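Since we're looking at a predicted model, the values are computed, not measured. In what follows, chains carry the letters A, B, and so on, assigned in the order in which the sequence lines appear, proteins first and then strands, with residues in each chain numbered from 1.
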Number of protein chains: 2
Amino acid sequence: MMGITRYTRILALFDENRPSLTVAEMSEALETSASTLYRLVREMVAVEMLESTVESHYRLGPLFVEYYRRIVLTDPLIRSGTKFLEPLATQAGVACTAILARLYGKTVMCVAEHRMPAATFKTSYELGRPMPLLRGATSKAVLSSLPKRNITALLADKASEETREALAASFAAIRKFGFCETRSEVDRDLIGIAAPLRNAELGINASVSVIIEARSLTTETQPQIYTAVTATARMIEGFMAEQLG
Amino acid sequence: MMGITRYTRILALFDENRPSLTVAEMSEALETSASTLYRLVREMVAVEMLESTVESHYRLGPLFVEYYRRIVLTDPLIRSGTKFLEPLATQAGVACTAILARLYGKTVMCVAEHRMPAATFKTSYELGRPMPLLRGATSKAVLSSLPKRNITALLADKASEETREALAASFAAIRKFGFCETRSEVDRDLIGIAAPLRNAELGINASVSVIIEARSLTTETQPQIYTAVTATARMIEGFMAEQLG
DNA sequence: ACTTAATTACCGAATATCGATAATTATGGC
DNA sequence: GCCATAATTATCGATATTCGGTAATTAAGT
C-alpha cells in the first residue's frame with residue numbers, strides 16, 4: 001500500500017448505504033490486516049476524518065464539514081453565484097431547481113443548489129455528487145466554453161470519434177445561442193436548461209442551470225426561462241470578475 | 001514527517017484568508033522541500049483533495065463537497081433535525097438563527113443552520129466552524145446531557161477546579177429546566193437559547209438552539225421561545241429514535 | 001518560437017509501514 | 001460493581017516507502 005490512497009480507500013467505504021463500519025468490516029473489504037487498519041483509523045480519528053461511535057463502529061468525521069465550510073467561504077464561484085439561485089428560480093416562473101455546477105478536475109459537480117418548495121420531482125444533480133461529463137445540459141454547458149485542447153484532454157478516453165464530433169457540434173451550438181437545453185438525458189421527463197459561466201483569470205469553468213419537468217416547458221414559459229438563465233450567468237460572471245481584487 | 005499529518009498539515013494552510021497557495025508558499029510555511037511537496041500535492045490532486053488552478057496555485061478540491069454530502073445523507077442528527085429548523089425559527093416569533101450542533105470528538109460544531117432573512121446580525125456559530133466547549137448555550141446544552149465521566153475526560157486539560165464546579169452546577173440546572181440560556185458569552189449582545197438532544201444508541205450528543213438579539217428577549221417572547229426550542233428538541237429525538245431500524 | 005518557471009523523474013540514505021502476536025483497555029451482561 | 005469477552009493499542013523485525021537534492025522534462029508567458 002502506498003501514499004494517500006491508504007486513507008482514501010478507507011473513506012470510500014463510507015457512503016449512503018454504509019454510514020458506519022467496524023474495523024473488522026474494513027479489514028474484510030480492503031483485505032488488509034486489522035492491525036494496520038486500527039493504526040490508520042486511529043490516525044484518521046485524530047485528525048477528525050473519522051469519528052468513533054457506538055458499538056465499535058466508525059463514521060465520517062467533522063473535518064469534512066469544516067473543509068466544506070472553507071470551500072463555501074473561499075470558492076469564487078460559490079461566493080458569487082449562490083445568492084442568485086433563489087432569484088433565478090423565481091424569475092423562471094415555473095417549479096424548478098436552480099443549480100450551480102463546475103468542472104472540478106475531471107468531474108462536473110453541483111456546488112450550490114436552490115430547490116423551490118414547488119419542485120417536488122427528484123433530480124440526480126445533488127450538491128456534492130459527481131455528474132457525468134457528457135450528458136445533461138449542466139455538464140455540456142460547462143464543457144462548451146472550454147478551450148479546445150482541454151476538451152480533447154478530457155474526452156481522450158471517454159468518447160469515440162463520432163460522439164466526439166457530435167459533441168463538438170453541440171458545443172458550437174451552445175456557444176452560438178448562449179445556453180443548452182436537454183431532455184431526459186439525465187433524469188427521465190426532466191429538462192435541463194443551462195448557460196455556461198467562466199472566468200479565465202480564476203480558472204473557473206462552470207454553468208448555471210434550472211431543472212424543470214418536461215410539461216413545464218411551453219411556448220409561453222420558454223423565453224422567460226431562457227432569459228433568466230442566461231442573464232443570471234452574465235450577472236454571476238460580473239460578480240466573479242469583481243472578486244479578483 | 002509521518003502518517004496522515006503529512007497531508008493534513010498541507011490542508012490546514014488553506015482557509016478563509018488563504019484560499020489558494022503555490023507549492024513554493026507551502027514549502028516555506030511547512031519548512032519542507034519543494035520536491036516532497038510536489039509529490040504530496042500531486043497525490044492530493046489525484047484524489048481531489050486539492051485542485052490545480054491558475055498561476056500555479058492550488059485550492060481545496062471537490063472531495064470535501066462530496067464527503068460533506070455523504071455526511072448530510074448519513075448523519076442521523078442532520079437527517080432528523082434539519083427539517084425542523086425552519087419551523088423552529090418561525091415558531092420562535094422573533095428574528096433568529098436556528099442551529100443544530102453536536103459534539104464531534106472533542107469539538108462542538110454546528111452541522112445545520114437556518115437563518116431567517118430578518119436575522120441580520122452576525123453569529124460565530126457557523127456551519128462547520130468548531131466552537132468553544134465551555135462558552136455559549138449551544139455548547140453547554142450539549143455537554144450537560146453527557147455522562148459524568150465523559151465530561152471529566154473532556155474537561156481534563158481545559159478547566160480549573162473551580163470553573164469545573166461552576167460548570168457542573170450549570171449543567172445540573174440545564175438538566176433540571178431542559179434548556180440553557182446565555183447572554184453575550186459568544187457574541188456581544190446576542191442571546192443563545194439551547195436545548196440538549198441526545199440518542200445514546202446512536203452515540204449522539206447534540207443541541208438545538210436559537211440565537212437572537214438581546215433586545216428581542218422580552219417577558220412576552222420568552223415563553224414562546226423556550227417552548228419552541230424544547231419542543232423541537234423532543235421532536236428531533238423522536239425522529240432519531242425511529243431511524244434506528 | 002523562445003525563455004523562464006513549474007513540475008516530474010531519479011536515486012541513495014533514512015525512516016515509516018506492515019502485520020503477527022502480546023498486552024492492555026473498554027464494554028456488556030449479571 | 002464484577003467478570004468475561006471483545007476491542008483496541010503496543011511491540012518489533014523485515015520490507016517498502018519517503019525524503020530531498022539534482023537533473024530532465026513540460027508548461028506558460030511574451
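- Minimum atom distance to the side chain of Val23(B) is reached by dT7(C), of the listed dG20(D), dC19(D), dT7(C).
- At a threshold of 4.0 angstrom between heavy atoms, the contacts of Thr36(A) include nucleobase atoms, whether or not backbone atoms are also involved.
- Using a 4.0 Å heavy-atom distance criterion, Arg39(B) is classed as a base contact.
- Atom C1' of nucleotide dT8(D) and atom CD of Glu43(A) are separated by 15 Å, given to the nearest angstrom.
- What separates OH of Tyr7(A) from P of dT18(D) is a distance of 10 Å, to the nearest Å.
- Between Tyr38(A) and dT9(D) there is no side-chain N or O to OP1 or OP2 distance below 4.0 Å.
- The interatomic distance linking Leu30(A) (CG) with dG19(C) (C1') rounds to 15 Å, in whole Å.
- Note: Tyr68(B) and Tyr67(A) fail the aromatic proximity criterion, with ring centroids not under 6.0 Å apart.
- Of the candidates dT8(D), dT8(C), dG19(C), the closest approach to any side-chain atom of Ser35(A) belongs to dG19(C).
- Ring orientation note: the planes of Phe64(A) and Phe64(B) are tilted relative to one another, at an angle of 30° to 60°.
- With 3.5 Å as the limit, one finds a donor-acceptor pair spanning the side chains of Arg9(A) and Thr32(A).
- Per the geometry, NE2 belonging to His57(A) stands 15 Å off P belonging to dA6(D), to the nearest Å.
- Here the shortest heavy-atom pairing between Pro62(A) and Tyr104(B) reads CB-CD1, 3.3 Å.
- In this structure, Ile10(A) places its CD1 atom 13 Å from C1' of dT17(C), rounding to the nearest Å.
- In this structure, the CD atom of Glu25(A) is 11 Å from the P atom of dA7(D), given to the nearest Å.
- Between Glu126(A) and Arg69(B) a salt bridge is recorded (basic side-chain N to carboxylate O distance below 4.0 Å).
- Residue Arg6(B) has its side chain nearest to dT17(C) when only dT17(C), dG21(D), dT8(D) are considered.
- Between the CG atom of Leu37(A) and the P atom of dA7(D) there is a distance of 14 Å, given to the nearest Å.
- The side chain of Arg42(A) contributes no N or O atom lying less than 4.0 Å from OP1 or OP2 of dT8(D).
- The CG-P distance, from Leu21(A) to dA7(D), rounds to 14 Å in whole Å.
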